[in-house]
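Excluded from the calculations below are hydrogen atoms, water molecules and symmetry mates; all remaining heavy atoms, backbone and side chain alike, are included.
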There are 2 protein chains.
Amino acid sequence: MASQPLDTETESLELGVLTELAGYHLRRASGAFAADFSRVLAGTGMRQVLFGILSVVDANPGINQGAAGRMLGIQRANMVALINELVDKDWIERKVAADDRRAFALTMAPAGSAKLAECLARIRAHEEEMLSDLSAADRTRLITLLGKIEAKEK
Amino acid sequence: MASQPLDTETESLELGVLTELAGYHLRRASGAFAADFSRVLAGTGMRQVLFGILSVVDANPGINQGAAGRMLGIQRANMVALINELVDKDWIERKVAADDRRAFALTMAPAGSAKLAECLARIRAHEEEMLSDLSAADRTRLITLLGKIEAKEK
DNA sequence: TATTGTTATACTCTATAACTATA
DNA sequence: TATAGTTATAGAGTATAACAATA
């Protein structure tokens, strides 16, 4: 029976000092979330990073490529391929900024707005599933606590 | 003044739907933690994954390579290079398991125990820094909430 | 001089499939 | 037939340095 050694394993093995380290649990929880995200969004062409950019462009029409990256913690250099990908998919439009000819102003393309809506519905379901053991208060608390950690970013 | 556009940026730009998504905040907080981890442990040769393995081996002397990977969510195939690296660094010892000649029993090497202790001290300081805006109750709460999410791993 | 976007590059983490040797 | 470890390989995310065009 295959379950026996697994049960034994789960019962007797320990994580050691990891148990009390927030960094470890953050890593695992974030990984579990990411895996479920890509499972739920398989076939849509959407990924966590791309969704992040779409969300920021949608909320800030005409935002610069660099500014969008800065908000999301994405380096200039890495934004290039990501924006190319979004433009190729016809999800966003990229025009030279009116006030600064070095910069690009990003706006949503119609297909991008539709994708954003479609994926958002799936993402809400995925969040509901992943957070099903947390009360409404717990969920708010979690986001608040995570926000305090994000603010420590250097 | 370079701070002016940045201030304007922070004031007026928005994250959009990301604001309310736990997955996004988990991703950012985990990334901030990871970045600080590697900053604090620069020069030691330690990385998050390696520390995880060391912690598990330390807590479960003689554990199998596969069992260790399963506890940490690391695939068999990816364990190989990681264990090779730890053996090359003389941080762990790998012997054929007494009861199963297919398996490897992992134990700490003296240098590994020393590294673990040294790094743990730095990691505790790094956690203290990253969680400085959280009360003791908040920290416990955070780990509990993350644990519930980890349990959703499929 | 500083900034926007770009290219090139490299490293880490993760995922899958196919293989071997033992069980 | 299943499991432990291995190899090969590929995709994705992230990091740095150097460059052109513009501010």
Side-chain angles (χ1 to χ4, degrees), chain A residues 1-6 8-9 27-28 30-39 41-42 45-53 63-70 72-87 94-106 153-154, chain B residues 1-6 9 27-28 30-39 41-42 45-53 62-70 72-87 94-106 153-154:
Chain A
M1 202 120 294
S3 65
Q4 211 253 327
L6 189 70
T8 309
E9 194 172 290
R27 193 173 132 87
R28 290 303 299 274
S30 173
F33 240 91
D36 191 69
F37 183 100
S38 58
R39 200 177 299 122
L41 294 183
M46 190 61 80
R47 302 198 308 278
Q48 281 187 309
V49 207
L50 298 183
F51 185 83
I53 300 176
I63 190 173
N64 279 5
Q65 187 169 312
R70 242 170 282 135
L72 295 163
I74 305 171
Q75 312 250 348
R76 278 200 312 281
N78 295 327
M79 280 295 281
V80 181
L82 294 169
I83 295 299
N84 284 340
E85 198 178 338
L86 290 172
V87 170
R94 168 177 49 188
K95 293 178 185 163
V96 173
D99 55 326
D100 185 342
R101 278 160 39 210
R102 291 172 302 181
F104 282 139
L106 306 177
E153 181 102 62
K154 282 163 194 168
Chain B
M1 204 121 288
S3 66
Q4 213 254 327
L6 189 69
E9 195 170 291
R27 194 173 132 86
R28 289 303 300 273
S30 174
F33 240 90
D36 191 69
F37 183 100
S38 58
R39 200 176 299 125
L41 295 182
M46 190 61 81
R47 301 197 306 278
Q48 281 187 309
V49 205
L50 298 182
F51 185 83
I53 299 175
I63 190 174
N64 280 5
Q65 187 170 311
R70 241 170 282 133
L72 295 164
I74 304 172
Q75 314 251 347
R76 280 200 310 281
N78 295 325
M79 280 296 281
V80 181
L82 294 169
I83 296 299
N84 284 340
E85 197 178 339
L86 289 172
V87 170
R94 167 177 52 188
K95 292 178 186 162
V96 173
D99 55 327
D100 185 340
R101 278 161 37 209
R102 294 172 301 180
F104 282 139
L106 307 177
E153 182 102 62
K154 283 165 193 169

Would you check if [X] and [Y] make a side-chain contact, meaning some heavy-atom pair closer than 4.5 Å?
{"X": "A:N84", "Y": "A:R94", "answer": "yes"}
{"X": "A:N64", "Y": "A:F104", "answer": "no"}
{"X": "B:Q65", "Y": "B:V80", "answer": "yes"}

According to a strict under-4.0 Å criterion, is [X] in side-chain N/O contact with OP1 or OP2 of [N]?
{"X": "A:R28", "N": "C:dC13", "answer": "no"}
{"X": "B:Q75", "N": "C:dA15", "answer": "yes"}
{"X": "B:R39", "N": "D:dA15", "answer": "no"}

Which whole-number value in Å describes the distance from [X] [atom1] to [N] [atom2]?
{"X": "B:F51", "N": "C:dC13", "atom1": "CZ", "atom2": "P", "answer": "15 Å"}
{"X": "A:L50", "N": "D:dT14", "atom1": "CG", "atom2": "P", "answer": "11 Å"}
{"X": "B:I74", "N": "C:dA15", "atom1": "CD1", "atom2": "C1'", "answer": "13 Å"}
{"X": "B:N84", "N": "D:dG5", "atom1": "CG", "atom2": "P", "answer": "12 Å"}
{"X": "A:N78", "N": "C:dT9", "atom1": "CG", "atom2": "C1'", "answer": "11 Å"}
{"X": "B:M79", "N": "C:dT16", "atom1": "CE", "atom2": "C1'", "answer": "18 Å"}
{"X": "B:E85", "N": "C:dT12", "atom1": "CD", "atom2": "P", "answer": "7 Å"}
{"X": "B:D99", "N": "C:dA21", "atom1": "CG", "atom2": "P", "answer": "21 Å"}

Q: Name the residue closer to the 5' end of DNA chain D, choosing between B:A35 and B:R102 according to the nucleotide with the nearest heavy atom.
A: B:R102
Q.
Need to verify one output field. Residue with the more 5' nearest nucleotide on DNA chain D, B:N64 or A:R47?
A. B:N64
If you only use heavy atoms from C-beta on, which nucleotide in [options] is closest to the side chain of [X]?
{"X": "B:A103", "options": "C:dG5, D:dA4, C:dA8", "result": "D:dA4"}
{"X": "A:D100", "options": "D:dT14, C:dT4, C:dC13", "result": "C:dT4"}
{"X": "B:R76", "options": "C:dG5, C:dC13, D:dT6", "result": "D:dT6"}

Q) Just checking A:R101: base, sugar-phosphate only, or nothing, at a heavy-atom cut-off of under 4.0 Å? A) sugar-phosphate
Q. How would you label the contact of A:A97 with the nucleic acid (heavy atoms, under 4.0 Å): base, sugar-phosphate, or nothing?
A. nothing
Q. Taking for each residue the nucleotide of DNA chain C bearing the nearest heavy atom, is the 5' side occupied by A:V80 or by B:V49?
A. A:V80
Q: Of all the heavy-atom pairs spanning B:R47 and B:L82, show the shortest one and how long it is.
A: NH2-CD2, 3.8 Å
(Q) Can you give me the closest heavy-atom contact between A:I53 and A:M79, atom names plus distance? (A) CD1-SD, 4.1 Å
